[in-house]
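Here's the structure we're looking at; comments come further down.
For reference, positions follow the sequence shown, starting with 1. In what follows, every heavy atom counts, from backbone to side chain, and hydrogens, waters and symmetry copies are set aside.
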Amino acid sequence: RPAMKRQEVDEQTAEWLSFVERVRTDPSIGFEEQWRFFLELSEARDPALGPLPTWVPTTERIESSNLGPLMADLELDSYAELHRWSVEHRADFWSRVIDALGIGFERSPDGTLDPNHGPTDPRWLPGARINIADSCFLADSCVTAIVQGREGTDTDRYVTYGELNTMVNRVAHGLSDHGFDPGARIALYMPMTIECIAAYLGIVRAGCAVVSIADSFAPKEIRRRLEIAHADGIVTVDEFSRGGRSIAMYDKVCEARAPRAIVINDEQATFPLLRSGDLLWSDFLGDDAPFPSVTTEPAAVTNVLFSSGTTGDPKAIPWTHLTPIKCAMDGRYHQDIGRGSVVCWPTNIGWMMGPWLIYATLINRGCIALYEGLPSGPGFAAFVERAGVSMLGVVPSLVRAWRDSSSCAAVDWSRIETFSSTGEPSNRSDYLWLTSLTGHRAPIIEYCGGTEIGGGYITGTVVQPASPSTFTTPALGLDFVLLDDENKPVPEGREGEVFLVPPSVGLSQTLLNRDHEKVYHDGCPTGPAGEVLRRHGDQIARLPGGFFRAQGRADDTMNLGGIKISSLELERVMDHHPAVSESAAVAVQPSGEGAERLVVFAIAKGDVDPDRLLVDLRRMISDELNPLFKIHDLVLVDSLPRTASNKLMRRTLRDHYQARP
């Protein structure tokens, strides 16, 4: 039975596709004309049809995708049927995924899903013994695993799967040789480099667990995470350069009073003065002989990551040997990563997209493209061309930086087949501009999820039409419902809060420093058909035509530059300013769509200079939390709105701000 074929298109979509053919042959048609035509067609379109698709897959693209053969094998005529099958037959779906990915086991599982456990605490792959790092080396040893570029040079570094495997063995031997036993927790606080990936996989191969800490964090925040995770050691770099600025990482590690450190240094630089017990990377690495991977049950912890809650310390979320299967499934079927794919996604090992990039690419036998330096400049754009990137991941703020500059003016991105975007809501104009860089040949797969999901819950595919800044489907193997304030399903044209329908491979089942049941399930409504639901907290608008659009967060967590942070964490810092009586941190979308911006409402103690106060608060947040968190605006008020139970009404403040002229 043939795979799904290209859909029939409506009048406006046909006009747009015809226009795109002209754009590809006529360079005089600039982006402003393309944007105007998009708006004209969108306004003329029947609203019941939903947003105007700007990319429609050809039959050839569908058949050559990773999804096409899966649908053909299951004799399904549409992607919608495939998704429905994946959630109605979850064990069968994940069994097929594991076979398709080639996941290896020391002992094969007795089944895929133990039916004797409920949806909130499932037992996946019962009886199995596994080390997921082994499944990252299924490609031929001579195939390129990583290509790494560096700011200020056009000379790139290449590492094959065989060479990376040797590096991973040396890390695992080094851990064993220096007294780190299986179960030890080793923090990574460093930029995303070849050594970072080798360290990550070596820690997992040795039966230890990675503690992920973003390289932008200040010593106080490093310390919090090390303590929460009970880290036994840390791998870092002496210093690195970004945007022409040298950043001293080891100094921050020392200030954070971190445990025993392994320090990577530039071999051309002066050796750093180490604390007693700390090691240079070159002295730490062990023998290059094969290291026998430490296997364990699938639910054993391999990585501790952090995500902001709405109160207190950040949530410590364990990833297990199961979580990478979710990463790799999403990469295979939603980003269409496979053999020959070159995958670039500017990220950091401290955020989930760092480990996601490792697993989604290597398990699918692709090549990771890494760049040391600022991804917003022309050096990165040139690297993407040089490396032959086929799947480029972005965040909206990065796309805006490219558009506002001339970084992409002289590059050839014709080898890009797919974009994917995550981290924050995007803007239609920016994203239509992004696709125009490839002559609108590459769709943008909007992708939204969370650390506690191991990937996305809502996404797009390369077998469905794509419209800028919209999603087209729940992720395979997972489902969600959108509920209004009365816990009723929202109709088309309305937005609601996201509740996930478990179980799924990848969903967290424990937290290190919270009650998992209380965080995700206590007080949750049931689904329309009586399903058990799991709280997530995003707001999503259900659009006609099967599309969805992100609307930010429903709770007190916001998303700044792709990083989740709770309002309370920000307010706790700002309220220490001697001129601030009380503050409220609110995320707003100034134009009604796109990336969230931080707006602070503050009650001042007496007369203050608003400009001076804004400078002070920006510095406090940068020093104590993260320099990536930027205050967009400061509004001085006499009082803050509260409910009868004294709860701060941040949504009211957001609505008030957006209603201003």
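A donor-acceptor contact shorter than 3.5 Å links the side chain of Asp336 to the backbone of Asn66. When atom types are taken as modelled, the side chain of His83 and the backbone of Leu478 share a donor-acceptor pair closer than 3.5 angstrom. For Asn513 (side chain) and Pro314 (main-chain N/O), a donor-acceptor pair under 3.5 Å exists by modelled atom type. Between the side chain of Asp479 and the backbone N or O of Val87, no donor-acceptor pair lies under 3.5 Å. Thr470 places no side-chain N or O within donor-acceptor distance of the main-chain N or O of Phe547, the cut-off being under 3.5 Å. In this structure, the side chain of His321 does not engage the main chain of Ala299 through any donor-acceptor pair within 3.5 Å. With Thr361 contributing its side chain and Leu357 its backbone, the two residues share a donor-acceptor pair below 3.5 Å. When atom types are taken as modelled, the side chain of Trp55 and the backbone of Ile444 share no donor-acceptor pair closer than 3.5 angstrom. Looking at Asn364, its side chain does come within 3.5 Å of a backbone N or O of Ala360 through a donor-acceptor pair. With Thr144 contributing its side chain and Ile146 its backbone, the two residues share no donor-acceptor pair below 3.5 Å.
Side-chain contact between Leu362 and Leu164 is present, with at least one heavy-atom pair separated by less than 4.5 Å. Contact check for Val384 versus Trp413: side-chain heavy atoms found under the 4.5 Å cut-off. Side-chain contact between Ser135 and Phe105: absent, with no pair of heavy atoms (C-beta onward) separated by less than 4.5 Å. Under the 4.5 Å side-chain criterion, counting only non-hydrogen atoms from C-beta, Leu138 is in contact with Arg365. In this structure the side chain of Pro443 reaches within 4.5 angstrom of the side chain of Arg61, judged on heavy atoms. Contact of the Cys448 side chain with the Thr459 side chain is not registered, since no non-hydrogen atoms from C-beta on lie closer than 4.5 Å. The closest side-chain heavy-atom distance from Leu543 to Pro51 is below 4.5 Å. Within the 4.5 Å cutoff, no side-chain heavy atoms of Tyr189 are placed close to those of Val235.
Taking each heavy atom of Met329 and Leu101 in turn, the nearest pair found is N-CD1, 4.2 Å. Here the shortest heavy-atom pairing between Pro502 and Leu507 reads CB-CD1, 3.9 Å. For the pair Val294 and Ala206, the tightest heavy-atom approach, listed with the atom from each and the gap, is CG2-O, 3.4 Å. Taking both residues in full, the closest heavy atoms of Ile540 and Gln551 are given as C-CG, 4.3 Å, listed atom of the first, atom of the second, then distance. Here the closest non-hydrogen pair linking Ile349 and Ile213 is CG2-O, 4.4 Å. Of all the heavy atoms in Thr323 and Gly454, the pair that sits closest is CG2-CA, 3.6 Å.
Ring geometry for Trp345 against Tyr447 counts as tilted: the plane angle lies between 30° and 60°, on a 0 to 90° scale. Using bins of under 30°, 30° to 60° and over 60° for the plane-to-plane angle, the ring pair Phe548/Phe480 lands in the perpendicular bin. The aromatic rings of Trp402 and Phe380 lie parallel to each other, their planes meeting at an angle below 30°, with 60° marking the opposite boundary.
Here Arg123 pairs with Asp121 under the salt bridge (Lys or Arg N to Asp or Glu O under 4.0 Å) rule; sequence neighbours left out.
Note that CG of Asp538 is 9.0 Å distant from CD of Glu497, once rounded to the nearest 0.5 Å. Within the model, atoms SG of Cys327 and CD1 of Ile363 stand 7.5 Å from one another, a figure rounded to the nearest 0.5 Å. One finds the CD1 atom of Ile130 at 6.0 Å from the CD1 atom of Ile103 (value rounded to the nearest 0.5 Å).
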Checking side-chain hydrogen bond (donor to acceptor under 3.5 Å, both in side chains) for the pair Arg96/Ser86: CA distance, chi angles, key distance, verdict?
CA-CA 10 Å; Arg96 279 184 175 267; Ser86 77; over 6 Å; no
Apply the test side chain to side chain contact (heavy atoms under 4.5 Å, CB included) to residues His521 and Arg534: give CA-CA distance (whole Å), side-chain angles for both, the deciding distance (0.1 Å), then the verdict.
CA-CA 5 Å; His521 294 288; Arg534 173 181 168 125; 3.6 Å; yes
Side chain to side chain contact (heavy atoms under 4.5 Å, CB included) between Val159 and Ile197: does it pass, once the steps are laid out?
CA-CA 11 Å; Val159 172; Ile197 292 176; over 6 Å; no
Evaluate Leu125 against Trp94 for side chain to side chain contact (heavy atoms under 4.5 Å, CB included), listing each step before the verdict.
CA-CA 10 Å; Leu125 309 181; Trp94 286 106; over 6 Å; no
Mind running side-chain hydrogen bond (donor to acceptor under 3.5 Å, both in side chains) on Glu417 and Ser390 for me, showing each step along the way?
CA-CA 5 Å; Glu417 299 171 353; Ser390 58; 4.9 Å; no
Test side chain to side chain contact (heavy atoms under 4.5 Å, CB included) on Ile186 and Val210 and set out the steps.
CA-CA 5 Å; Ile186 314 297; Val210 176; over 6 Å; no
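A salt bridge links Glu221 and Arg224; the closest N-O separation between the charged side-chain nitrogens and carboxylate oxygens is under 4.0 Å. Between Asp330 and Lys326, at least one side-chain N (NZ, or NE/NH1/NH2) sits under 4.0 Å from a carboxylate O, which counts as a salt bridge. Salt-bridge check for Asp134 with Arg205: passed, with a basic side-chain N closer than 4.0 Å to an acidic carboxylate O. A salt bridge links Arg107 with Asp110: the closest approach of a Lys/Arg side-chain nitrogen to an acidic carboxylate oxygen falls below 4.0 angstrom.
Of the N and O atoms on the side chains of Asn626 and Ser216, at least one donor lies less than 3.5 Å from an acceptor on the other residue. Tyr431 and Ser421 share a donor-acceptor pair across their side chains, judged by distance under 3.5 Å alone. Side-chain contact of Gln148 with Thr193: a donor-acceptor pair under 3.5 Å is absent, judged by distance alone. A donor-acceptor contact under 3.5 angstrom links the side chains of Ser426 and Glu446, judged on distance only. A donor and an acceptor atom, one from each side chain of His516 and Ser508, are located under 3.5 Å apart. Side-chain atoms of Thr295 and Glu106 include a donor-acceptor pair closer than 3.5 Å. There is no side-chain donor-acceptor pair under 3.5 Å between Thr461 and Tyr333. Side-chain contact of Asn303 with Ser212: a donor-acceptor pair under 3.5 Å is present, judged by distance alone. Using a 3.5 Å distance cut-off with no hydrogens or angles, the side chains of Gln335 and Ser420 do pair a donor with an acceptor. Side-chain contact, Ser65 with Arg332: no donor N or O sits under 3.5 Å from an acceptor N or O. Between Arg415 and Thr438, the side chains place no donor N or O within less than 3.5 Å of an acceptor N or O (distance only, hydrogens not considered).
Ring-centre distance between His536 and Tyr457: below the 6.0 Å cut-off.
A cation-pi arrangement is present between Arg225 and Phe217 under the rule of less than 6.0 angstrom and at most 45 degrees off the ring axis. Annotation: cation-pi geometry not satisfied between Arg535 and Tyr520 (NZ/CZ under 6.0 angstrom from ring centroid, within 45° of ring axis).
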